[in-house]
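One structure is given here, and the rest of the page talks about it.
Keep in mind that what you see is a predicted model, and the values were worked out from it rather than measured.
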Amino acid sequence: MAMKENDQIIKENNCETKMGLPCVLEAFTSIFNTGSISIKCCSELVVLGKVCHSALVKRTLENPLFKDLNPVTIIAKSIQTWNNCLALIDSPSPSA
């Protein structure tokens with residue numbers, strides 16, 4: 001049931017078309033591995049929206065390739081990445 005739900009959210013919101021592949025990979029690495037996400041990709045992530053972000057992370061967790069990962073840890077990292085991006089985007093940049 002949950003899988004269908006995430007797929008439906010992703011489809012209805014055109015989630016897969018809102019971020020460029022380099023930023024998708026960057027965000028993915030920061031959540032599912034260890035890495036940081038650039039300000040440029042944070043901007044794309046914020047434009048993507050929290051609903052899409054959550055649905056895409058949850059759908060990835062449903063993939064058998066990621067069955068060994070702890071969903072609680074991944075969800076926490078996805079929220080942390082989201083919050084970090086919001087903070088980066090909201091704070092005035094020194095170069096502006």
Might you point out which heavy atoms bring [X] and [Y] nearest each other, and give the distance in Å?
X	Y	answer
Ala27	Met19	CB-CE, 4.2 Å
Thr60	Phe28	CG2-CE1, 3.5 Å
Asn70	Val72	OD1-N, 2.9 Å
Glu26	Ser36	CG-O, 3.7 Å
Leu45	Cys85	CD2-SG, 3.8 Å
Glu44	Gly20	OE1-N, 2.7 Å

At what distance, to the nearest 0.5 angstrom, does [atom1] of [X] lie from [atom2] of [Y]?
X	Y	atom1	atom2	value
Leu61	Ile75	CG	CD1	5.5 Å
Leu88	Asn83	CG	CG	11.5 Å
Asn84	Ile79	CG	CD1	12.0 Å
Ser30	Lys77	OG	NZ	7.5 Å
Lys4	Lys11	NZ	NZ	9.5 Å

For [X] and [Y], indicate whether the former's side chain and the latter's backbone hold a donor-acceptor pair under 3.5 Å.
X	Y	result
Ser43	Ile39	yes
Lys18	Cys52	no
Thr17	Asn14	yes
Asn13	Cys15	no
Glu16	Ile10	no

Next on the checklist: For residues 34-53, which residue pairs pass the ring-ring contact (aromatic ring centres under 6.0 Å, His included) check, not counting sequence neighbours?
Outcome noted: His53-Trp82
Checklist entry - Would a hydrophobic clustering, with Ile, Leu, Val, Met, Phe, Trp and Tyr connected at side-chain separations under 4.5 Å, put Val57 with Leu69? => result yes
Checklist entry - In terms of hydrophobic clustering (I, L, V, M, F, W, Y; side-chain heavy atoms under 4.5 Å; direct or indirect links), are Phe32 and Leu56 co-clustered? => result no
Checklist entry - Got a salt bridge between Lys67 and Glu62, using NZ or NE/NH1/NH2 to carboxylate O under 4.0 Å? => result no
Item to check | Whichever hydrophobic residues join Val47 through chains of side-chain contacts under 4.5 Å | outcome: none
